[in-house]
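Encoded as structure tokens, the structure appears first; notes follow it.
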Amino acid sequence: MSSTWSPAVRRRMFCLLLAGGLTLGAAACGSGSGESTGGKVKITVTGQPPTSQPFERGVFDADVKEFEESHPDIDIEPHEGFMDPKTFSAKLAGGQLEDVYYVYFTDPAQIIARRQAADITEAAKGLKNFGDIKPELLDNFRDADGKLYGLPTMNYSMGLVYSRPLFQKAGLDPNKPPQTWDEVRAAAKKITALGNGTVGYADYSKNNQGGWHLTAWLYSMGSEVARKDGDKWVAAFNNEKAKTALNQLRAMRWEDDSMGSKQLLEAQDVQRMMGAGQLGMYMAAPDNVPVLVKQFNGKYEDYGVAGMPGGQGTLLGGEGYMINPKASPEKIKAGLEWVRWKYLNPERFEKHVQQYVDGKQPVGLPAEPTPDVWQGAVRDQQLAVKAKHANVPAENYQSYVDASSRIKGSIEPPNAQQVYAILDSVMQAVLTDRNADVDQQLSSAESKVNSVLAQVK
């Protein structure tokens with residue numbers, strides 16, 4: 001069965017749907033099943049796509065073969081799957097954790113605190129192009145002392161996906177998407193005025209996705225969800241900026257009627273509306289565009305992606321890999337070389353992009369096949385390769401690319417999924433109850449989030 005989401009979107013949504021988030025046991029980690037034999041180092045690695053994704057699986061398996069040919073002293077034993085919070089604790093307790101394992105950006109802090117990943121600080125210093133990785137992404141894998149425990153391999157930041165045809169029909173310039181939330185509101189009104197059930201702007205409000213999007217709204221207004229207060233975390237969203245964001249949503253929903261009457265939406269609902277040509281805008285990362293095309297009959301030329309309205313911040317997420325704490329120095333070295341070669345290798349930009357071109361996959365989006373984890377000259381090199389091989393209208397996404405270099409990205413709060421579950425109720429109240437008391441909703445959520453954050457160690 002085909003997936004409704006791209007690999008990156010699906011993995012992120014799966015994490016969001018688990019209201020309890022990642023629960024890690026305190027048991028000692030195993031060392032994986034790989035062994036060092038015959039002069040070779042054998043390592044187990046996660047991240048192999050399932051056979052239901054033939055293109056992605058083919059690329060991964062071909063990369064394993066090529067890596068082993070160029071690194072005859074390393075054997076890779078790939079395992080299907082990514083991070084499954086429901087089984088992670090059992091794998092830890094049973095000594096079945098792979099040598100190199102995948103994590104969401106929401107996971108490293110807890111994993112590091114519980115000493116469930118190897119310290120790679122010194123080993124990573126010798127990696128080629130290590131200094132070209134965005135520091136803020138590496139920081140997600142550091143502890144309070146600055147020690148490093150993992151490497152980022154993909155990141156996303158939230159922006160605004162919009163329908164270029166509806167912009168044109170509404171008399172809006174699709175090459176000049178909204179840059180502020182007031183401009184979003186004004187554009188949504190004009191799009192809704194087209195009639196025939198057209199909705200100007202839609203947002204999520206259930207299954208943790210509402211809290212996730214509200215967090216992005218708050219970041220865009222220059223607010224926070226949580227902050228460190230000494231040795232503990234506390235809620236930081238009960239403020240005027242949050243009230244402004246929620247009142248903006250309420251005005252669009254009830255005064256303008258530009259969000260439609262159907263609420264309690266999640267990703268698939270909104271994507272279906274956009275694919276059907278009935279939605280003007282929604283908040284999302286660029287990897288939503290292939291989903292709209294492949295799963296909801298959209299066309300690449302019909303969509304644009306802009307930077308996050310407001311410009312004061314955006315939600316940054318992503319994924320990476322960490323090393324089993326029981327791994328030997330040889331396995332740590334081999335594991336880091338695999339991650340570097342496979343995911344963080346500017347020398348393979350051209351070949352990797354060509355794999356997508358040959359597989360008739362989209363190239364030119366600010367997303368896979370070359371995620372934006374780089375800075376400086378390497379980032380410029382990556383963008384040049386993508387532009388050279390672009391098979392989708394990359395100019396439609398230029399606003400997002402330009403904004404991503406100047407908008408501050410902030411990672412998700414600690415215990416993100418539990419926080420999002422609480423903030424879901426705030427989004428639901430504002431979007432389903434015309435008379436919802438914003439002050440009361442924020443105050444109630446603040447108390448509950450503080451209880452969740454008190455569990456962060």
Side-chain angles (χ1 to χ4, degrees), residues 1-15 22 29-35 40-88 90-92 94-105 107 111 117-118 150-156 287 290 294 318-324 327 331-345 348 351-356 358-359 361 367-371 373:
M1 180 181 293
S2 61
S3 170
T4 304
W5 299 314
S6 71
V9 173
R10 189 186 62 258
R11 294 194 295 271
R12 190 161 68 245
M13 288 298 123
F14 176 70
C15 187
L22 176 63
C29 302
S31 59
S33 60
E35 299 293 342
K40 288 189 174 185
V41 178
K42 182 178 181 181
I43 56 172
T44 53
V45 304
T46 60
Q48 183 185 43
T51 55
S52 60
Q53 298 172 15
F55 172 76
E56 290 85 356
R57 174 73 168 236
V59 168
F60 188 95
D61 290 349
D63 285 350
V64 169
K65 181 178 179 181
E66 183 181 344
F67 177 83
E68 290 181 334
E69 289 174 349
S70 62
H71 298 75
D73 57 337
I74 302 175
D75 277 343
I76 300 290
E77 180 183 310
H79 290 183
E80 276 192 12
F82 298 92
M83 168 62 78
D84 185 348
K86 292 186 293 186
T87 61
F88 192 69
K91 291 179 73 172
L92 282 170
Q96 298 302 309
L97 183 67
E98 287 83 359
D99 298 309
V100 181
Y101 61 92
Y102 171 101
V103 293
Y104 304 102
F105 271 16
D107 302 334
I111 291 174
L151 294 173
T153 55
M154 192 280 282
N155 78 293
Y156 74 91
D287 57 6
K294 296 177 182 180
E319 58 198 48
Y321 285 85
M322 303 177 82
I323 307 292
N324 192 305
K331 285 190 176 186
I332 292 176
K333 181 179 179 181
L336 290 179
E337 177 57 16
W338 161 250
V339 174
R340 183 208 69 82
W341 184 92
K342 163 76 173 151
Y343 302 101
L344 301 170
N345 191 351
R348 297 187 75 243
K351 182 170 184 175
H352 188 49
V353 169
Q354 190 63 51
Q355 289 174 308
Y356 274 66
D358 294 343
Q361 302 296 311
E368 293 176 301
T370 49
V373 301

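With Thr153 contributing its side chain and Tyr343 its backbone, the two residues share no donor-acceptor pair below 3.5 Å. In this structure, His79 contributes its side chain and Thr44 its backbone to no donor-acceptor pair below 3.5 Å.
A pairwise comparison of heavy atoms in Pro78 and Phe60 identifies CB-CE2, 3.6 Å as the closest pair. In terms of heavy-atom proximity, Glu68 sits nearest to Ile76 at OE2-N, 2.7 Å. Between Ala334 and Ile74, the closest heavy-atom pair is CB-CD1, 3.7 Å. Taking both residues in full, the closest heavy atoms of Asn324 and Ala118 are given as O-CB, 3.6 Å, listed atom of the first, atom of the second, then distance. Taking each heavy atom of Ile323 and Ala327 in turn, the nearest pair found is CG2-CB, 3.9 Å.
Every residue two or more places apart in sequence or in another chain that forms a salt bridge (charged side-chain N to carboxylate O under 4.0 Å, His left out) with Asp61 is listed here: Arg57. Tyr356 pairs by the side chain to side chain donor-acceptor pair (under 3.5 Å) definition with nothing, not counting sequence neighbours. When the side chain to side chain donor-acceptor pair (under 3.5 Å) test is applied to Gln361, the partners found at least two apart in sequence or on another chain are Lys294. Every ring pair (Phe, Tyr, Trp, His ring centres under 6.0 Å) that Phe105 has, sequence neighbours left out, goes to Phe141. Taking Phe67 as the reference, His71, Trp338, Trp341 meet the ring pair (Phe, Tyr, Trp, His ring centres under 6.0 Å) condition, with sequence neighbours excluded. Listed by chain and number, the residues in a side chain to side chain donor-acceptor pair (under 3.5 Å) with Lys351 are Glu66 (sequence neighbours excluded).
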Going through the checks in order, is the side-chain contact (heavy atoms from CB on, under 4.5 Å) test met by Asp73 and Val41? CA-CA 6 Å; Asp73 57 337; Val41 178; over 6 Å; no
Test side-chain contact (heavy atoms from CB on, under 4.5 Å) on Glu98 and Val45 and set out the steps. CA-CA 6 Å; Glu98 287 83 359; Val45 304; 6.0 Å; no
Between Gln355 and Asp63, is a side-chain contact (heavy atoms from CB on, under 4.5 Å) present by the stated rule, with each step listed? CA-CA 11 Å; Gln355 289 174 308; Asp63 285 350; 3.5 Å; yes
Given side-chain contact (heavy atoms from CB on, under 4.5 Å), test Val100 with Thr46 step by step and report yes or no. CA-CA 6 Å; Val100 181; Thr46 60; over 6 Å; no
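Ion pair Lys42/Asp99 not flagged as a salt bridge, since none of the NZ, NE, NH1 or NH2 atoms sits closer than 4.0 Å to an Asp/Glu carboxylate oxygen.
At a threshold of 4.5 Å between non-hydrogen side-chain atoms, the residues Glu77 and Ile43 do not count as touching.
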